[in-house]
**Q** 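Structure below; questions to follow.
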Amino acid sequence: MGKTIAEKIFDAHRVEEPFPDTHVLKLDRVFCHEITTPIAITDLMARGLDRVFDPTKIKAVIDHVTPAKDSKTATQGKILRDWARRHEIKDFFDIGKNGVCHAIFPEKGFVRPGYTIIMGDSHTCTHGAFGAFAAGIGTTDLEVGILKGVCAFHFPKTIKIELNGKLKPGVYAKDLILFIIKELTVNGATNMVIEFTGQAIDAMSMESRMTLCNMAIEAGGTCGICYPDMTTVDYLWDFIKDEYDSKEAALKDYSKWVSDADAEYERVLSYDVSTLEPMMTVGYKPDQVKTVKEMTGSKVDQIYIGSCTNGRIEDLRVAAQVLKGKTISDSVRAIVSPATPAIYSMALKEGIIEIFQDAGFCVTNPTCGACLGMSNGVLAEGEVCASTTNRNFNGRMGKGGMVHLMSPATAAATAINGFVTNSELFKA
Amino acid sequence: MKNFKGKVLFLNRSDINTDEIIPAKYLTEITKEALKPYLLEDLVLDGFDQKDVLDKAVIVTRENFGCGSSREHAPWALEVNGINAVIAENFARIFRQNMYNCGMFAIELSKETIDSLFAKYSGKEAIVEIDVDSSQIIFSLDGQKEVINFTIGGFDQTLIKEGGWVGYADKKY
Ligand code: SF4
């Protein structure tokens with residue numbers, strides 16, 4: 001019987017199995033941000049365990065509320081900053097150099113095929129786009145990860161999703177993952193890894209694969225995973241060129257992180273994506289999904305383009321393509337947050353920031369911002385936001401607010417009209 | 001070990017997420033105690049009053065409890081309100097592990113059993129007690145007792161007895 005990529009990664013990292021189906025894995029990366037890590041640091045200090053297992057494997061960023069909005073968030077930043085200094089964690093991204101964790105860490109080359117990664121953040125599943133096992137965990141697991149470089153997991157079964165055909169123009173990874181979550185439901189992949197394969201994935205950029213894997217957790221998935229291929233190698237090449245003689249050699253090495261043809265799956269689902277339309281959510285659960293066409297005309301108050309789901313350069317490019325030469329409706333306000341400083345610089349150079357500004361968008365610094373309703377665009381009671389983020393839970397962007405999740409193209413078109421609209425890029 | 005005996009809060013809905021259990025705006029708090037007044041503040045559930053959480057020790061609910069964010073603030077918000085156990089059809093993975101990592105129970109029972117608990121005890125003054133050694137849940141109402149067996153893995157049982165994962169892992173790895 002063959003093995004899935006997740007099984008292979010587990011086998012390569014298992015320290016021991018102290019109880020049946022409890023696998024203690026060695027970690028290649030522990031990622032940290034200022035919301036869930038400070039409380040772990042404080043607890044470790046209180047226990048007299050203020051140590052780190054390996055400062056080169058820990059990466060930290062201030063991203064959720066930055067620059068700090070009040071004394072409490074300033075204190076969270078300070079605890080993380082002091083700790084990074086104290087333990088000589090070199091890869092710590094402070095104000096000015098910081099961006100959304102799941103965008104900046106891959107961009108810096110910290111993720112590799114076959115890695116095990118944890119972070120006190122549920123969207124850590126994003127990094128599976130590189131063929132890694134990356135899982136969100138809570139504060140206690142984070143403490144143990146920081147201290148010992150290990151984490152315990154039950155063995156995840158795998159759902160394989162084959163995506164064949166070619167996406168229509170104006171249809172993106174975001175539309176695809178919303179469709180998949182609708183199919184799986186919010187509980188459909190609980191305790192499981194979701195493997196994405198097929199022509200549609202082969203054709204996708206790393207950015208799009210990250211968008212896809214980012215939302216695996218919204219179906220309950222532990223991690224989304226794509227197999228490493230030449231697209232992965234190209235993305236990583238600057239960081240790995242000293243390790244390999246050629247890209248082909250790197251690909252050959254990474255090819256060990258691919259599921260065997262006779263691997264065992266919990267479920268195998270297959271879809272033809274060529275008829276898929278732009279999708280969006282309509283309720284308080286990410287599986288409440290409809291086509292944008294069905295919702296056309298629905299009023300919104302705010303547009304938010306950004307986050308670890310859709311704040312990368314290709315997302316900003318698509319939105320700018322829709323917005324170019326146009327202005328947003330008087331009935332709405334719109335915010336864009338490039339996910340990292342590098343993305344911001346690229347967008348500046350390419351004239352994208354100007355397009356956003358001319359259209360009437362507020363351009364913020366790289367941050368999670370409005371995504372979790374802690375800063376930079378909190379909704380008032382009864383307001384609706386068209387958003388490129390990943391969660392539409394009640395109160396997510398502010399008490400009594402409603403969030404409609406959608407692609408950057410749809411969000412941009414919606415900003416222009418002031419109500420839900422398919423972008424011109426989509427031809428039905 | 002924590003207390004696992006007391007009154008039950010019945011939440012008749014699936015997919016109750018961690019943003020509902022404790023909204024993100026309270027994640028700037030540095031102490032667990034500060035989370036106490038905000039438990040289930042954003043819960044979408046007809047007939048639910050936030051005061052219903054007072055004096056409860058156990059929650060009984062439906063599917064996929066604790067989905068969404070990884071915040072361990074969700075178990076902590078329960079803990080500081082004296083609720084150290086949740087019984088459901090199933091849990092989101094991170095929430096479930098966070099509960100055991102804190103030495104708290106996240107017990108899975110079949111849909112039929114959960115249905116019968118709602119039918120028999122919801123809206124009544126039942127007392128529940130959970131025993132880790134015998135893996136039993138005992139419901140008491142009007143002098144009658146009902147015993148329900150549950151399964152718990154060796155790792156989770158150890159975490160409950162050791163009072164959490166940090167001390168145990170530090171000794172061991
Ligand atoms: S952008 Fe939103 S979902 Fe992503 S890490 Fe930040 S708060 Fe979480």
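Throughout, a chain's letter reflects where its sequence line sits, starting with A, and its residues are numbered from 1. Side chains are part of it too, since the values below use all heavy atoms of this structure and drop only hydrogens, waters and symmetry mates.
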**Q** Kindly write out the residues that satisfy side-chain hydrogen bond (donor to acceptor under 3.5 Å, both in side chains) with A/N392, not counting sequence neighbours, or none if the list is empty.
**A**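 A/N392: side-chain hydrogen bond (donor to acceptor under 3.5 Å, both in side chains) contacts with A/T281.
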
**Q** Can you confirm whether the side chains of B/N101 and A/T140 place a donor and an acceptor under 3.5 Å from each other?
**A**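 No, no side-chain donor-acceptor contact under 3.5 Å.
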
**Q** Pick one of side chain, backbone, both or neither for B/F95, based on which atoms fall under 4.5 Å of a heavy atom in chain A.
**A**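 B/F95 has no heavy atom closer than 4.5 Å to chain A.
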
**Q** Enumerate by number any residue of residues 69-77 of chain A whose heavy atoms lie under 4.5 Å from heavy atoms of chain B; in the absence of such residues, state 'none'.
**A**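 So the qualifying residues are A/K72, A/T73, A/Q76.
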
**Q** Quick test of your reading of the model: are B/K172 and B/E162 salt-bridged, counting only N-O distances below 4.0 Å?
**A**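 Salt bridge absent between B/K172 and B/E162.
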
**Q** Could you tell me whether B/Y121 and B/F10 have their ring centroids closer than 6.0 angstrom?
**A** no

**Q** Could you tell me whether B/D170 and A/K148 make a salt bridge, using a distance below 4.0 angstrom between a side-chain N and a carboxylate O?
**A** yes

**Q** Among A/D21, A/T124, A/D121, which residue has the highest count of heavy-atom pairs closer than 4.5 Å to chain B?
**A** A/D121

**Q** Where does B/A169 contact chain A at under 4.5 Å (heavy atoms): side chain, backbone, both or neither?
**A** both

**Q** Can you name the residues of residues 32-68 of chain B that have some heavy atom under 4.5 Å away from a heavy atom in chain A?
**A** B/E41, B/D42, B/V44, B/E63, B/N64, B/C67, B/G68

**Q** If we count only N and O atoms by modelled type, under 3.5 Å, do the side chains of A/S387 and A/R396 hold a donor and an acceptor together?
**A**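 Not at all, the side chains of A/S387 and A/R396 share no donor-acceptor pair under 3.5 Å.
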
**Q** Examine whether an atom of A/V150 lies under 4.5 Å from a heavy atom of chain B, and if so say whether it belongs to the side chain, the backbone or both; otherwise answer neither.
**A**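 The side chain, not the backbone.
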
**Q** Assess whether a salt bridge exists between B/K124 and B/D142, defined as any Lys/Arg side-chain N lying under 4.0 Å from an Asp/Glu carboxylate O.
**A**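 No salt bridge links B/K124 with B/D142.
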
**Q** Any donor-acceptor pair under 3.5 Å linking the side-chain atoms of A/H123 with those of A/N390?
**A**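 Their side chains do contain a donor-acceptor pair, which is all the 3.5 Å distance test asks for.
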
**Q** So for B/T158, is it side chain, backbone, both, or neither that comes closer than 4.5 Å to the heavy atoms of chain A?
**A**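 B/T158 touches chain A through side-chain heavy atoms alone.
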
**Q** Quick check: under 4.5 Å, non-hydrogen atoms only, which of residues 104-119 of chain B neighbour chain A?
**A**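 From residues 104-119 of chain B, none sit under 4.5 Å of chain A.
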
